[in-house]
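To start, the structure itself, in C-alpha cells.
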Amino acid sequence: MSEQDKTITSNFIRQIIDEDLRAGKHGGRVHTRFPPEPNGYLHIGHAKSICLNFGIARDYPNGLCNLRFDDTNPHKENVEYVNSIMEDVRWLGFDWGNRLFYASDYFEKLYEFALELITSGKAFVCDLNAEQMREYRGTLTEPGRESPHRNRSVEENLALFKRMRAGEFEDGSRVLRARIDMASPNLNMRDPTLYRIRHGVIHHQTGEAWCIYPMYDYTHPISDALEGITHSLCTLEFEDHRPLYDWVLNNISIGCRPQQIEFSRLNLQYTVMSKRKLTQLVTERHVNGWDDPRMPTVAGLRRRGYTPESIRMFCDRIGITKADNSVEMGMLESCIREHLDEHAPRAMAVLNPLKLVIENYPEGKVEHLSAPNHPKDDSMGSRTLSFTREVYIDRDDFLEVAPNKYKRLVTGGEVRLRNAYVIKCERVIKDAAGEITELRCSYDPATLGANPEGRKVRGVIHWVSASHGVRARVCLYDRLFNHPAPDADKSVASFLEHLNPESLRILDHAILEPSLAAAVPGSRYQFEREGYFCVDMASQEGAPVFNRTVTLRDSWARIDQKKQ
RNA sequence: UGGGAUGUAGCUCAACUGGCAGAGCGACGGACUCUGACUCCGUAGGUUCGAGGUUCGACCCCUCGCAUCCCAGCCA
C-alpha cells in the first residue's frame with residue numbers, strides 16, 4: 001500500500017473497535033467482511049465500504065476481512081458480476097487471502113438452523129400469499145394481525161418446511177416466517193419471512209440443488225457468525241434490521257455475536273449510485289456498458305483513468321459518519337489530479353489542430369529535441385520531440401485580437417512552443433468562409449533552451465509536428481447528469497431526464513506527439529495544458545484512443561465562466 | 001400521524017468525551033513558472049438547526065421544538 005494510505009483517519013467505527021479492544025471484547029480479534037450481492041458492478045459507494053472494511057483489517061493487528069458474496073437471490077445474480085467484483089476489489093488494492101466465501105456455502109447450515117427455530121417454536125410455515133401478507137402486516141402506524149397459520153404445531157411446521165425443501169410446493173404458496181411480534185413498531189419484527197420458494201432458477205453456485213432460498217435478514221447474521229466476524233459494517237438503511245439481526249443470533253445455537261454497525265452511504269453529486277439505476281443506464285444503453293468511463297462504477301473509473309490510489313485517497317478524505325451526505329465531484333477530481341500530477345509522464349497532444357507554418361524554418365529539416373517526461377522528477381527520464389517547419393497547435397491557442405491578459409498566440413505576437421522555439425505570428429490565412437485555416441509564422445533560432453534577448457515572452461503553448469504527429473481519437477467526458485442529485489429531483493418523471501447530452505465528445509482528429517504512438521492500453525499521461533488522459537482498453541496500434549480522465553485545474557476558465 | 005436515525009464553514013469531516021470551534025476540498029487575492037498546471041504565501045467564510053435549562057464554563061448533558069433521511073419485498 002502506498003504513502004497516501006499511511007495517514008489513517010479515525011472515525012466512529014474505529015473508535016468503537018478501539019473501545020472493544022480495550023474491553024477485551026471478541027477475544028481481541030478484529031474481523032470484518034465485505035458482502036456484495038453479485039447483481040451488478042461495484043461502484044464508488046462500494047469502494048467506500050471496501051476501503052472501510054479492508055482498511056480496518058489492514059490497520060489492526062491480526063485484522064482480517066473476508067470477501068463474501070451475498071448470493072441468496074439467484075434471480076438477479078450471475079457469475080459475470082461475481083468475477084467483476086473480485087477483479088474490482090483486487091484492483092483497488094485489497095486482498096482477501098483464502099477467505100472467499102459465498103452465503104450459499106451455508107445453505108445447508110442455514111436450513112438446519114431453521115429447523116432449530118421451528119423446533120423451539122420460533123418459526124412457522126405460513127400459507128398466506130404475498131398480497132395477504134401485506135394486508136396482515138399492518139401499516140407504519142397500525143399494528144399487524146397474526147397469521148392464521150402462526151400457531152401450527154412444531155411437527156406440522158417441521159413436516160411442511162421439509163416438504164418445501166423437497167419441492168412439493170409452488171413458488172409463492174408458502175414461506176417460512178419468524179415468530180416474533182406482529183404489533184412491533186418495527187415492521188421488520190412483524191414475523192418476517194425467512195425462506196421463500198423459487199423453482200426453476202439455476203443458482204450460479206449451487207445450481208439446482210435448492211428450491212428454497214433464505215432471506216437476507218436471516219442469512220446475514222448467521223453468515224457473519226459462522227465466519228467469526230466481529231464487526232459487521234453496513235449502511236444506514238439496515239439500522240431498522242439490527243433488532244432482527246440480533247434476534248436471529250439470540251435464538252439459535254451459535255456462539256458468536258458479531259456487532260452490526262451502520263454508516264451512511266456515499267452520494268456523489270451529478271451522478272446516481274443506486275444499482276437499479278446504474279443497471280438501467282446500461283440495459284437501456286444510455287451508456288456503453290458498466291465500464292463506460294462516465295459511470296461511477298469501479299470499472300468505469302478504471303477505464304476513465306482513475307488510479308486505485310486516488311480512489312482510496314478519496315474514500316479516506318470523505319470519512320465515515322452516519323450523516324446523510326452529498327460529496328462534490330471536485331473532491332474526487334482533486335484526488336486523481338493529485339496522484340497523477342506526481343506520477344503521470346507529460347506529453348503533448350493537439351486536440352483541435354490548426355496548422356502553423358514556420359516560414360523561416362528550412363523545408364524538410366527535422367530537429368530531434370529532448371523534453372523531460374516530468375518537470376519535477378528527473379527519474380522519469382525524457383523523450384524525443386520532432387520539430388519541423390509545419391506543426392499543429394490548438395485552435396484555442398490562437399486569437400486574432402487578444403483580450404486582456406491573454407497569454408497565447410495573437411497576430412503579430414510572440415509565444416513559445418513548449419520545449420522548442422519562440423515563434424511570432426506573421427499572417428493569418430483564411431478560407432472563403434472566413435475560417436482560419438493556417439498561421440504563417442517565423443521562429444527565433446536563438447531561443448532554444450534560452451530566453452530571447454531584450455523581451456519577455458509570456459505565453460507557452462503546446463504543439464505537434466505535422467509530419468511526425470500521430471492521429472488519434474480522443475474522448476472527452478463530462479458529468480453524466482446536469483443535475484446535482486438527478487435521482488432526488490421529484491419534479492421530473494425520471495432521473496434520465498437529467499442526462500447530460502454532452503457527457504461524451506469524441507474528437508477524431510487529435511494529433512499526438514510521436515512518442516505516444518507506442519502507449520499501451522491503460523497507461524496514463526498528462527497532455528500538457530489539457531489534462532490527464534489514459535489509453536483506452538480498446539485502443540489499438542495505429543488507431544490510438546485516449547480517454548480524458550480529468551482536465552487540469554484551470555483558473556482562467558473559472559474567471560471566464562464568472563464573467564458570463 | 002408509528003418506529004429508527006441525522007443536523008458543526010459552500011462540500012466532506014475533526015474537536016483529547018464539559019475547557020479558546022479546526023482540517024481537507026472548494027472560493028478569493030498574490031508570488032513563482034518554458035504547462036493559465038504544480039508549488040508557495042495570504043484572505044474570507046460559523047447564532048455548532050432553533051428555543052429554553054443544568055454548569056464557573058455546553059458542539060458535547062437535559063427538555064421542548066424544527067428540518068432532513070430510512071422502514072409497510074416472498075430484494076439486498
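Proteins come first, then strands; the chains are lettered A, B, ... in the order of their sequence lines, and each starts at number 1. None of the values given here were measured: they were computed from a predicted structure.
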Residue [X], side-chain atoms from C-beta onward, closest of [options]:
{"X": "A/Met215", "options": "B/U17, B/G73, B/U33", "result": "B/G73"}
{"X": "A/Tyr406", "options": "B/U35, B/C38, B/G36", "result": "B/G36"}
{"X": "A/Arg553", "options": "B/G24, B/U12, B/A37", "result": "B/A37"}
{"X": "A/Ser555", "options": "B/A37, B/U35, B/C75", "result": "B/A37"}
{"X": "A/Ser326", "options": "B/G10, B/U12, B/G7", "result": "B/U12"}
{"X": "A/Ala130", "options": "B/C70, B/U1, B/C74", "result": "B/C74"}
{"X": "A/Met331", "options": "B/G26, B/C11, B/C74", "result": "B/C11"}
{"X": "A/Leu187", "options": "B/C71, B/C75, B/A14", "result": "B/C71"}
{"X": "A/Arg134", "options": "B/C75, B/C13, B/G73", "result": "B/G73"}
{"X": "A/Leu236", "options": "B/C75, B/G10, B/A5", "result": "B/A5"}

Is [X] touching bases, backbone alone, or none of the nucleic acid, heavy atoms closer than 4.0 Å?
{"X": "A/Leu140", "result": "base"}
{"X": "A/Arg137", "result": "sugar-phosphate"}
{"X": "A/Arg346", "result": "base"}
{"X": "A/His462", "result": "nothing"}
{"X": "A/Thr193", "result": "sugar-phosphate"}
{"X": "A/Lys407", "result": "base"}
{"X": "A/Lys275", "result": "nothing"}
{"X": "A/Ile461", "result": "nothing"}
{"X": "A/Asp171", "result": "nothing"}
{"X": "A/Gly144", "result": "nothing"}
{"X": "A/Val175", "result": "base"}
{"X": "A/Arg174", "result": "nothing"}
{"X": "A/Pro243", "result": "nothing"}
{"X": "A/Leu244", "result": "nothing"}

Round to a whole Å and report the spacing from [atom1] of [X] to [atom2] of [N].
{"X": "A/Asp444", "N": "B/C34", "atom1": "CG", "atom2": "P", "result": "16 Å"}
{"X": "A/Arg242", "N": "B/A5", "atom1": "CZ", "atom2": "P", "result": "7 Å"}
{"X": "A/Asn267", "N": "B/U6", "atom1": "CG", "atom2": "C1'", "result": "13 Å"}
{"X": "A/Met133", "N": "B/A72", "atom1": "CE", "atom2": "P", "result": "14 Å"}
{"X": "A/Asp341", "N": "B/A37", "atom1": "CG", "atom2": "C1'", "result": "7 Å"}
{"X": "A/Tyr218", "N": "B/G73", "atom1": "OH", "atom2": "C1'", "result": "19 Å"}
{"X": "A/Met189", "N": "B/G4", "atom1": "CE", "atom2": "P", "result": "13 Å"}
{"X": "A/Arg14", "N": "B/C13", "atom1": "CZ", "atom2": "P", "result": "16 Å"}

Go ahead and name the base partner of [N]; Watson-Crick or wobble counts if both distances stay under 3.5 Å, otherwise write none.
{"N": "B/U63", "result": "B/A51"}
{"N": "B/C16", "result": "none"}
{"N": "B/G73", "result": "none"}
{"N": "B/C25", "result": "B/G10"}
{"N": "B/C40", "result": "B/G30"}

Let's test your reading of the model: under 3.5 Å, does the base of [N] pair with the side chain of [X] as donor and acceptor?
{"X": "A/Asp240", "N": "B/G3", "result": "yes"}
{"X": "A/Gln526", "N": "B/U35", "result": "yes"}
{"X": "A/Glu328", "N": "B/G10", "result": "yes"}

For [Y], is the NZ or CZ atom of [X] found under 6.0 angstrom from the centre of its six-membered ring and inside 45 degrees of the ring axis?
{"X": "A/Arg479", "Y": "A/Tyr270", "result": "yes"}
{"X": "A/Arg145", "Y": "A/Tyr136", "result": "yes"}
{"X": "A/Lys322", "Y": "A/Phe263", "result": "no"}

Say you pick atom [atom1] in [N] and the same atom in [M]; how far apart are they, in whole Å?
{"N": "B/C11", "M": "B/G2", "atom1": "P", "value": "30 Å"}
{"N": "B/G10", "M": "B/G45", "atom1": "C1'", "value": "9 Å"}
{"N": "B/G24", "M": "B/C60", "atom1": "C1'", "value": "23 Å"}
{"N": "B/G53", "M": "B/A14", "atom1": "P", "value": "31 Å"}

Does a nitrogen or oxygen in the side chain of [X] sit under 4.0 Å from OP1 or OP2 of [N]?
{"X": "A/Asn39", "N": "B/C75", "result": "no"}
{"X": "A/Arg529", "N": "B/G36", "result": "yes"}
{"X": "A/Gln15", "N": "B/A15", "result": "yes"}
{"X": "A/Arg177", "N": "B/G73", "result": "no"}

TODO: Check whether the ring centres of A/His203 and A/Phe107 lie less than 6.0 Å apart, and answer yes or no.
DONE: yes
Task: Near-ring test A/Phe161/A/Tyr111, centroid separation under 6.0 angstrom - done: yes
- [ ] Kindly assign one of parallel, tilted or perpendicular to the pair A/His241 and A/Phe238, based on the angle between their ring planes and the thresholds 30° and 60°.
- [x] perpendicular
Task: B/G36 pyrimidine/purine six-ring stacking with A/Trp556, under 5.5 Å and 30° - done: yes
Task: Residue A/Arg198 excluded, over 12 heavy atoms near CZ under 6.0 Å - done: yes
TODO: Using heavy atoms to find the nearest nucleotide of RNA chain B for A/Tyr421 and A/Asp70 separately, return the residue whose nucleotide is more 5′.
DONE: A/Tyr421
- [ ] Could you check A/Glu37 against A/Glu19 and say which one's nearest nucleotide on RNA chain B is further toward the 5' end?
- [x] A/Glu19
TODO: Could you tell me whether B/U68 is syn or anti, where syn means a glycosidic angle within 90 degrees of zero?
DONE: anti
- [ ] Pull up the glycosidic torsion of B/G29 and say syn or anti, syn being anything within 90° of 0.
- [x] anti
Task: Residues A/Asp88 and A/Ser84: side-chain donor-acceptor under 3.5 angstrom - done: no
Open item on the list: Set out, in order, the CA-CA distance, both residues' side-chain angles and the distance that settles side chain to side chain contact (heavy atoms under 4.5 Å, CB included) for A/Ile222 and A/Tyr106, then state yes or no.
Closed with: CA-CA 9 Å; A/Ile222 297 177; A/Tyr106 313 129; 5.8 Å; no
Open item on the list: Is it the case that the side chain of A/Asp489 and the backbone of A/His483 share a donor-acceptor pair, with hydrogens and angles ignored and the cut-off at 3.5 Å?
Closed with: no
